[in-house]
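Counting begins at 1 with the first residue of the sequence. All values reported here derive from a predicted model rather than from experimental measurement. Start at 1 and go down the list; that is how both ligands and their atoms are numbered.
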Amino acid sequence: MVSIASTKGHQNVSMLGIGAYRPNRVVTNDEVCEVLDSSDEWIFERSGIRNRRFVSGDETPRSMAVAAADRAINSSGIDRAEIGAVILATSTWKTLTPHGAPTVAYDLGINGVAAFDVCAGCAGFGYALSVAADQVRAGSAKYVLVIGLETMSLGLDPTDRGTAFIFGDGAGAVIVGPSEENGISPTVWGSDGENASAIAQQYDLVEYMDRANALQGTDPEVEKVGRLAIRMEGPRVFRWAAITLPKALSNVLEQSGVSTDDIDVFIPHQANSRINDLMKKNLGLAENVPVANDIENTGNTSAASIPLAIEEMLVSGKAKGGQIALLLGFGAGLSYAGQVVKLPPAPVEPSF
Ligand SMILES: CC(C)(COP(=O)(O)OP(=O)(O)OC[C@H]1O[C@@H](n2cnc3c(N)ncnc32)[C@H](O)[C@@H]1OP(=O)(O)O)[C@@H](O)C(=O)NCCC(=O)NCCS
């Protein structure tokens with residue numbers, strides 16, 4: 001009888017370090033409204049957004065992911081040679097093939113490690129964090145680098161009223177590894193493919209190629225289909241969120257064995273500050289529990305929004321390393337993922 005070897009890791013895992021990168025170019029609501037039929041007041045009132053950042057100049061998805069990851073590694077104090085896996089949560093890497101994580105690992109000087117992308121929309125960071133924690137627990141990696149990265153500006157239709165004002169670019173990263181006490185709860189996650197069309201690219205790749213081929217030679221028209229732009233039925237997503245997310249949040253608390261009184265900070269995905277304030281109220285979190293509001297100046301950065309929001313809270317002093325935070329990511333899929341975590345220490349090299 002052949003006996004196949006298994007692995008055994010550490011049950012207690014935590015986020016040991018965090019880093020982020022925010023693109024240099026700040027885009028105000030007024031600038032968005034130079035093309036979009038909207039106003040600064042409407043955008044801020046409905047979404048809580050005043051500014052977002054877009055890549056410019058030499059900045060690329062690759063350079064942002066590497067910068068955020070490098071900062072996370074330095075903040076954690078670990079030897080990068082001990083990283084066993086790199087997980088890149090993104091929906092906006094420029095190519096499906098090759099995927100992004102291997103080149104990011106190469107740039108970080110850790111070529112050769114297991115490296116793969118997780119594509120779960122705005123829930124991507126929560127999914128990747130869950131996989132990373134399970135890897136350390138199972139012993140398939142000692143340390144795992146998790147990066148949330150988005151370049152939403154590359155796939156935006158600047159004239160679309162449902163999406164143009166919402167999204168922004170950025171990257172946030174954490175190192176997940178063994179710790180004395182547990183710092184990452186079981187993940188509560190799920191999806192709703194029945195409603196997946198509520199957040200979707202305008203064309204799939206086949207439709208896009210057909211249209212581009214049919215329109216060859218008429219440059220302005222090709223330009224119109226030149227973007228695999230995202231469309232979102234905002235009110236439909238809002239309704240899904242109102243039903244699904246409160247249940248997810250109470251399940252996270254139950255599975256984590258903590259109560260609302262134990263939560264020091266609430267760091268949900270930065271989709272809309274109205275949704276986040278509503279979730280805090282419905283959950284019965286105390287008035288003085290801070291809620292992440294990175295959306296105001298960063299916009300909705302999809303899979304990057306939670307690590308960026310954690311970093312913002314740590315750098316600005318609204319939260320401290322070691323505090324207990326409730327995380328919840330949600331969006332395309334329609335997918336969600338939530339955890340209770342112990343926050344990592346503030347980054348050594350802040351992104352702003
Ligand atoms: C996108 C969102 C901010 C839109 O806000 P909303 O209040 O639902 O807006 P509606 O689409 O119902 O439109 C309300 C009114 O504003 C108008 N409007 C829509 N978009 C507008 C815009 N960009 N600027 C100005 N007016 C706009 C509509 O025409 C409508 O006008 P009417 O009342 O005269 O018909 C909101 O639906 C939302 O945040 N949804 C959830 C998004 C989300 O969580 N996504 C998940 C993750 S990525």
K.L.:
Give a yes/no verdict on whether any heavy atom in Pro235 is under 4.0 Å from an atom of ligand 1.
P.N.:
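It does, in that a heavy atom of Pro235 comes within the 4.0 Å cut-off of ligand 1.
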K.L.:
Can you tell whether the side chains of Glu311 and Arg22 come within less than 4.0 Å, N to carboxylate O?
P.N.:
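Yes.
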K.L.:
With a cutoff of under 4.5 Å between side-chain heavy atoms, which Ile, Leu, Val, Met, Phe, Trp and Tyr residues group with Val348?
P.N.:
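Result for Val348 is none, singleton.
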K.L.:
Does atom 8 (O) of ligand 1 have a protein heavy-atom neighbour under 4.0 Å away?
P.N.:
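Neighbour list for atom 8 (O) of ligand 1 includes protein heavy atoms (cut-off 4.0 Å).
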K.L.:
Which of these, Gln270, Arg239, Arg161, has its nearest heavy atom closest to atom 28 (C) of ligand 1?
P.N.:
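Closest candidate by heavy-atom distance is Arg161.
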K.L.:
Could you grab the distance from atom OG of Ser14 to atom CD of Glu181, nearest 0.5 Å is fine?
P.N.:
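If we round to the nearest 0.5 Å, Ser14:OG and Glu181:CD are 8.5 Å apart.
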K.L.:
Taking all non-hydrogen atoms of both residues, which atom of Leu343 and which atom of Ala319 are closest, and how far apart?
P.N.:
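Scanning both residues completely, I find the closest heavy atoms to be CD1-CB, 3.7 Å.
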K.L.:
For ligand 1, note which part of Ser38 has a heavy atom under 4.0 Å away: side chain, backbone, both or neither.
P.N.:
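The part of Ser38 near ligand 1 is both the backbone and the side chain.
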K.L.:
Between Glu31 and Arg25, does at least one N-O distance fall below 4.0 Å, as a salt bridge requires?
P.N.:
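Yes, this pair counts.
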K.L.:
Which one holds for Ile43 and ligand 1: side chain close, backbone close, both close, or neither close, with close meaning a heavy atom under 4.0 Å?
P.N.:
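None of Ile43 does.
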K.L.:
Below 3.5 Å, N or O to N or O, backbone or side chain included: is there any such pair between Arg46 and ligand 1?
P.N.:
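In this structure, Arg46 places an N or O atom under 3.5 Å from an N or O of ligand 1.
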K.L.:
Should Cys122 be listed as contacting ligand 1, given a heavy-atom distance under 4.0 Å as the test?
P.N.:
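A heavy atom of Cys122 does come that close to ligand 1.
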K.L.:
Taking all non-hydrogen atoms of both residues, which atom of Pro23 and which atom of Arg53 are closest, and how far apart?
P.N.:
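Nearest heavy atoms, Pro23 then Arg53: O-NH1, 2.7 Å.
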K.L.:
Look up atom 22 (C) of ligand 1 and tell me if a protein heavy atom lies less than 4.0 Å from it?
P.N.:
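True for atom 22 (C) of ligand 1.
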K.L.:
Return the residue, atom name and 0.1 Å-rounded distance of the protein heavy atom closest to atom 18 (N) of ligand 1.
P.N.:
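The closest heavy atom on the protein side is Trp42 CZ2, 3.4 Å.
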K.L.:
Out of Asn272, Val237, Leu245, who is nearest to atom 43 (C) of ligand 1 when you count heavy atoms only?
P.N.:
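Closest candidate by heavy-atom distance is Val237.
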K.L.:
Heavy-atom distance from atom 2 (C) of ligand 1 to the protein below 4.0 Å?
P.N.:
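No.
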K.L.:
Report yes if Met232 has an N/O atom closer than 3.5 Å to an N/O atom of ligand 1; otherwise report no.
P.N.:
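Not met; the criterion fails.
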K.L.:
With a 4.0 Å cut-off, strictly under, does atom 32 (P) of ligand 1 pick up any protein heavy atom?
P.N.:
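Given the 4.0 Å cut-off, atom 32 (P) of ligand 1 does not count as touching protein heavy atoms.
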K.L.:
Who pairs with Ser256 by side-chain contact (heavy atoms from CB on, under 4.5 Å), at least two apart in sequence or on another chain?
P.N.:
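Applying side-chain contact (heavy atoms from CB on, under 4.5 Å) to Ser256 gives Ser185, Val252, Val258, Val340.
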K.L.:
Is there a nitrogen or oxygen of His269 sitting under 3.5 Å from a nitrogen or oxygen of ligand 1?
P.N.:
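His269 vs ligand 1: no N/O contact under 3.5 Å.
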K.L.:
Before giving the answer on salt bridge (charged side-chain N to carboxylate O under 4.0 Å, His left out), spell out for Arg80 and Asp70 the whole-Å C-alpha distance, their side-chain angles and the decisive distance to 0.1 Å.
P.N.:
CA-CA 9 Å; Arg80 69 183 65 203; Asp70 208 45; 2.9 Å; yes
K.L.:
Considering non-hydrogen atoms of the protein only, which is the closest contact for atom 44 (O) of ligand 1, and what is the distance?
P.N.:
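I find the closest protein heavy atom is Ile275 CD1, 3.3 Å.
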K.L.:
For Gly234, take its heavy atoms, then give the atoms of ligand 1 lying under 4.0 Å from any of them.
P.N.:
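Counting atoms of ligand 1 from 1, those under 4.0 Å from Gly234 are 37 (O), 40 (N), 41 (C).
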K.L.:
What atoms in ligand 1 come closer than 4.0 Å to a heavy atom of Asn300?
P.N.:
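Heavy-atom distances to Asn300 below 4.0 Å select 48 (S).
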K.L.:
Taking the six-membered ring where the residue is Trp, are the ring centres of Trp189 and Tyr336 under 6.0 Å apart?
P.N.:
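No - the distance between ring centres of Trp189 and Tyr336 does not fall below the 6.0 Å cut-off.
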K.L.:
Looking at Glu312 and Lys318, does any basic side-chain N land under 4.0 Å from a carboxylate oxygen?
P.N.:
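Here Glu312 pairs with Lys318 in a salt bridge, since their nearest N and O are under 4.0 Å apart.
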K.L.:
Does the pair Arg231/Asp157 count as a salt bridge with the N-to-O cut at 4.0 Å?
P.N.:
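Salt bridge between Arg231 and Asp157, a charged N being under 4.0 Å from a carboxylate O: yes.
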